[in-house]
Amino acid sequence: MSSKETAPARVSNFIRDIIEADLQSNACAAVVTRFPPEPNGYLHVGHAKSICLNFGLAEQFGGQCNLRFDDTNPSKEEQEYVDAIKADVEWLGFDWAGEVKYASDYFDQFYAWAQHLIREGKAYVCDLSAEEASEYRGWATTPGKNSPYRERAPEESLDLLERMKNGEFAEGARVLRAKIDMSSPNMNLRDPILYRIRKQSHHQTGDKWCIYPSYDFAHGQEDAIEGVTHSICTLEFADHRPLYEWFLDNLPVPSKPRQYEFGRLNLNFTVTSKRKLKQLVDDSVVSGWDDPRMPTISGMRRRGFSARAIRSFCNGLPVSKSDGVVDIAQLESAIRDDLDKHSTRAMCVLDPVKLVISNLDEAVVETMTAPAHPKLELGLRELPFTRELYIDRADFSEDTTLSRKKFKRLVLGEYVRLRSAYVIKADEVVKGDDGQIVEIHASLVPGTVGENPPEGIKPRGVIHWVSATEGKRATVRVYDRLFNHPAPDRGEADFMQHLNPESYRVLENCWVEPGLLDAAPETVFQFEREGYFVADRYDFSAETPVFNKTIGLVDNWAGR
RNA sequence: UGGGGUAUCGCCAAGCGGUAAGGCAACGGGUUUUGAUCCCGUCAUGCGGAGGUUCGAAUCCUCCUACCCCAGCCA
């Protein structure tokens with residue numbers, strides 16, 4: 001980082017403050033965090049914030065961060081998700097400590113701990129059905145009733161648990177519960193479930209188990225086994241903290257982690273719920289989890305958001321306990337900011353109309369040179385300039401009454417600068433039978449490449465262009481927000497009602513400067529005056545160049 | 001409703017008894033061969049509400065209000 005670059009303002013983060021204090025007071029020697037996704041879907045922006053927080057904190061304080069799959073529910077989880085999550089975390093630029101970890105790595109230990117609780121008289125096998133158990137649990141204002149199986153002899157519970165494990169009972173027939181307090185105002189403490197029967201294959205443990213631990217009976221213990229010091233989770237788990245601590249206090253765990261909750265990231269115009277994202281995929285509203293319109297990490301990647309930009313966005317978000325909604329413009333700003341600094345400039349005409357330079361011979365190919373970046377030394381690119389060019393339809397008007405301030409483009413009879421090339425004058429238009437402009441005839445002003453035009457010639461502005469004969473045809477996919485409602489999943493209407501019908505558009509007849517065909521997939525360019533576009537990760541090739549629009553340039557022009 | 005949590009500019013958010021940081025957005029202006037970038041400036045006599053304590057309150061006390069979460073054999 002150059003000394004000229006101003007240090008980014010320190011963003012508030014109460015968890016970082018706690019860690020600093022703990023390190024200061026020697027409450028812990030080194031910080032250990034973990035990112036604990038359940039492999040039941042793809043990671044999204046919200047997870048990106050959590051990843052940046054957990055890995056970032058470990059990095060900042062010289063500690064470590066584990067990647068641990070919370071795979072305690074085989075009915076919702078799949079190996080595909082495990083693989084995708086690992087790829088996403090790596091792509092974001094983080095290295096987890098040691099091997100990837102799984103809750104399932106500790107299933108034997110959990111089982112032994114469950115037996116321990118039974119022997120201590122702190123857990124029992126309960127035969128109540130789900131409905132009965134719900135009834136026994138009581139309600140907010142009414143305390144629950146003890147299960148009739150609560151005082152079952154430990155030996156019997158031990159035997160039953162063993163038989164549950166061996167698959168002797170049907171799913172739902174029995175559960176193992178902790179014996180805590182059926183009248184607790186915190187529902188999580190009303191004899192929570194530790195194990196339930198699930199006769200399903202598990203992506204990691206196969207058919208070894210017929211019972212699986214609950215989130216509550218797993219999470220704190222996993223943290224303790226791994227020596228996690230600061231277990232960071234989202235607000236909705238705050239109610240579980242007393243239970244998290246109850247297990248740590250009642251089991252011979254090797255360490256005592258502490259849980260801290262922060263407010264998850266919510267973005268307006270966006271849906272971040274694995275269930276809903278999965279629905280978009282399953283209903284084929286989008287092309288997949290990595291559709292460029294998806295707020296998934298793989299979707300944002302496909303869209304052209306750089307990992308660095310996503311990290312910058314996340315690190316710029318204060319960490320607090322309030323549950324707010326961040327304006328999508330904040331994300332977009334981080335993306336533009338990063339892409340402006342790092343992407344090569346290029347020209348692409350999205351809606352072409354032919355421009356014929358009448359005073360340039362057909363056989364001539366002049367080579368213009370243009371910097372790859374206006375400020376950084378990213379080299380030069382060569383642009384073939386020929387008699388026939390393409391410019392964007394929106395950059396020309398026959399209306400000579402348009403003021404210079406309102407229309408800084410080409411007007412019939414007037415001048416405009418062709419970016420990195422000549423100043424030209426529009427002389428006449430050729431129209432088709434339908435009245436549509438087919439060609440614009442123009443003449444170049446000699447000596448204006450890299451030079452100001454002679455006195456009296458005032459170009460209205462600068463427009464981009466591509467040689468019609470030397471340029472290349474390309475496909476550009478234009479994306480817009482998936483939802484046209486700021487809070488698609490709030491209110492009565494189903495979130496699917498708020499889908500933006502114009503969130504995807506394909507432009508098949510775009511023209512790009514020839515140098516772009518050499519691009520490597522996933523390279524982002526700034527198409528000048530238009531925005532940022534990425535060579536598609538899968539579909540781009542020199543033969544069939546396909547670009548995805550990442551995001552448009554800031555547009556302060558009110559009349560557009 | 002019982003419990004847990006949160007309320008400070010349009011959005012996010014500092015502030016921890018001494019007289020309202022910052023980012024995004026918005027709005028002016030300057031530079032510019034991208035209507036971009038960059039630069040400069042404007043933007044809360046006000047901190048959910050009502051009382052109270054104090055020389056002094058966003059910060060302390062009391063009461064009230066709103067919103068979020070839990071009441072799965074999901075995580």
Side-chain angles (χ1 to χ4, degrees), chain A residues 8-12 36-38 40 70 72-73 75-77 126 128-130 133-134 137-144 171-177 184-190 192-198 211-212 214-216 218-219 233-242 261 263 265-266 268 274-275 316-334 336-337 340-341 345 347 370 373-375 405-409 416-421 423 448-452 459 461-464 526-531 552-560:
Chain A
R10 197 186 209 222
V11 171
S12 65
E38 182 190 13
N40 65 344
D70 232 344
T72 56
N73 185 0
S75 48
K76 290 188 173 179
E77 300 156 8
C126 177
L128 252 25
S129 68
S134 169
R137 192 153 34 232
W139 203 63
T141 45
T142 49
E171 288 192 11
R174 294 178 221 268
V175 293
L176 180 71
R177 304 175 69 178
S184 171
N186 182 342
M187 303 299 291
N188 294 121
L189 264 21
R190 319 251 265 221
I193 287 170
L194 274 47
Y195 269 105
R196 72 286 210 198
I197 299 169
R198 261 310 111 90
I211 55 172
Y212 292 91
S214 63
Y215 163 85
D216 288 306
H219 211 94
C233 62
T234 42
L235 256 24
E236 67 269 29
F237 291 102
D239 281 340
H240 293 247
R241 194 175 348 110
E261 311 89 24
L265 169 65
N266 298 301
N268 58 13
K274 283 193 207 165
R275 203 210 96 223
L317 294 169
V319 176
S320 72
K321 287 191 89 148
S322 68
D323 175 36
V325 180
V326 172
D327 193 330
I328 190 79
Q330 185 106 18
L331 206 210
E332 295 175 343
S333 166
R336 288 196 184 96
D337 188 60
D340 172 62
K341 288 190 179 73
R345 309 290 125 126
M347 288 198 282
H373 193 283
K375 291 177 183 167
K405 198 166 165 70
K406 281 207 76 168
F407 195 74
K408 302 166 83 165
R409 309 175 183 195
V416 81
R417 158 76 66 182
L418 290 182
R419 175 74 165 160
S420 301
V423 168
T448 51
V449 176
E451 301 291 336
N452 285 128
V462 181
I463 64 172
H464 56 100
Q526 183 198 91
F527 289 167
E528 291 187 297
R529 303 209 315 131
E530 293 289 355
L553 254 25
V554 166
D555 186 4
N556 285 325
W557 182 49
R560 190 159 182 170

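These numbers were taken from a predicted model, which means no experiment stands behind them. Letters go in sequence order (proteins before strands), and every chain restarts at 1.
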Touch class at under 4.0 angstrom, heavy-atom based, for [X] against every strand present:
X	answer
K375(A)	base
P374(A)	base
T448(A)	base
A130(A)	base
E451(A)	base
V416(A)	nothing
V325(A)	sugar-phosphate
V175(A)	base
R241(A)	nothing
L128(A)	base
G324(A)	sugar-phosphate
G461(A)	nothing
H240(A)	base
S322(A)	sugar-phosphate

Taking a pair as Watson-Crick or G-U wobble with both distances under 3.5 Å, which nucleotide is matched to [N]?
N	answer
A44(B)	none
A36(B)	none
G22(B)	C12(B)
U62(B)	A50(B)

Specify the separation, in whole Å, of atom [atom1] of [X] and atom [atom2] of [N].
X	N	atom1	atom2	result
R198(A)	A75(B)	CZ	C1'	12 Å
D337(A)	C24(B)	CG	P	8 Å
W139(A)	G2(B)	CH2	C1'	8 Å
R345(A)	U33(B)	CZ	P	16 Å
L317(A)	A25(B)	CG	C1'	15 Å
N40(A)	A75(B)	CG	C1'	7 Å
L194(A)	C73(B)	CG	C1'	12 Å
M187(A)	G72(B)	CE	P	7 Å

Distance between [atom1] atoms of [N] and [M] (Å, rounded):
N	M	atom1	value
G56(B)	U19(B)	C1'	8 Å
G4(B)	A14(B)	P	23 Å
A20(B)	G46(B)	C1'	8 Å
C43(B)	G3(B)	P	45 Å
G29(B)	G10(B)	C1'	23 Å
C9(B)	G48(B)	C1'	15 Å
G23(B)	U34(B)	P	26 Å
U8(B)	A50(B)	P	16 Å

Considering just the side-chain nitrogens and oxygens of [X], establish if one lies under 4.0 Å of OP1 or OP2 belonging to [N].
X	N	result
S320(A)	A13(B)	yes
R137(A)	G72(B)	yes
S214(A)	C74(B)	no
R196(A)	C74(B)	yes
S12(A)	A14(B)	yes
R419(A)	G35(B)	no

For this session: Compare the ring of W557(A) with the six-membered ring in the base of G35(B) and state whether they stack (centres under 5.5 Å, planes under 30°).
Result: yes
Under 3.5 Å, N/O pairs linking protein and nucleotides 64-69 of chain B:
unit_1	atom_1	unit_2	atom_2	d
C68(B)	O2'	D323(A)	OD2	3.2

For this session: Any chance you could measure L176(A), atom CG, to I193(A), atom CD1, to the nearest 0.5 Å?
Result: 9.5 Å
Seminar exercise, completed: The reported gap from CG in D323(A) to CD in E236(A) (rounded to nearest 0.5 angstrom) is 9.0 Å
Problem set entry | Lys/Arg-Asp/Glu bridge criterion (N-O < 4.0 Å) met for D340(A), R345(A) | yes
Problem set entry | Carboxylate-amine/guanidinium proximity below 4.0 Å for E261(A) and R241(A) | yes
Side-chain donor/acceptor contact of [X] with base of [N] under 3.5 Å:
X	N	value
R10(A)	G22(B)	no
R336(A)	U37(B)	no
R529(A)	U34(B)	no
E530(A)	U34(B)	no

Seminar exercise, completed: With syn meaning chi within 90° of zero and anything else anti, the base of G5(B) is anti
Closest non-hydrogen atom pair, [X] against [Y]:
X	Y	answer
E77(A)	E38(A)	OE2-OE2, 2.6 Å
N268(A)	V325(A)	N-CG1, 3.5 Å
N40(A)	K274(A)	OD1-NZ, 2.7 Å

For this session: Let me know, please, whether F407(A) or P185(A) comes out on the 5' side of the other along RNA chain B by nearest nucleotide.
Result: P185(A)
For this session: Tell me which of A140(A) and S420(A) sits closer to the 5' end of RNA chain B, going by the nucleotide each one is nearest to.
Result: A140(A)
Counting C-beta onward and ignoring hydrogens, is there a side-chain heavy-atom pair between [X] and [Y] closer than 4.5 Å?
X	Y	result
V462(A)	E528(A)	no
I463(A)	L418(A)	yes
H240(A)	H219(A)	no

For this session: Test N186(A) against D239(A) for side chain to side chain donor-acceptor pair (under 3.5 Å), laying out the working first.
Result: CA-CA 7 Å; N186(A) 182 342; D239(A) 281 340; 5.0 Å; no
Problem set entry | By salt bridge (charged side-chain N to carboxylate O under 4.0 Å, His left out) - contacts of K76(A) (at least two apart) | none
Exercise. How does protein contact run along nucleotides 27-32 of chain B, one letter per nucleotide 5' to 3', with B for base contact, S for sugar-phosphate only, - for none, heavy atoms under 4.0 Å?
Worked result: ------
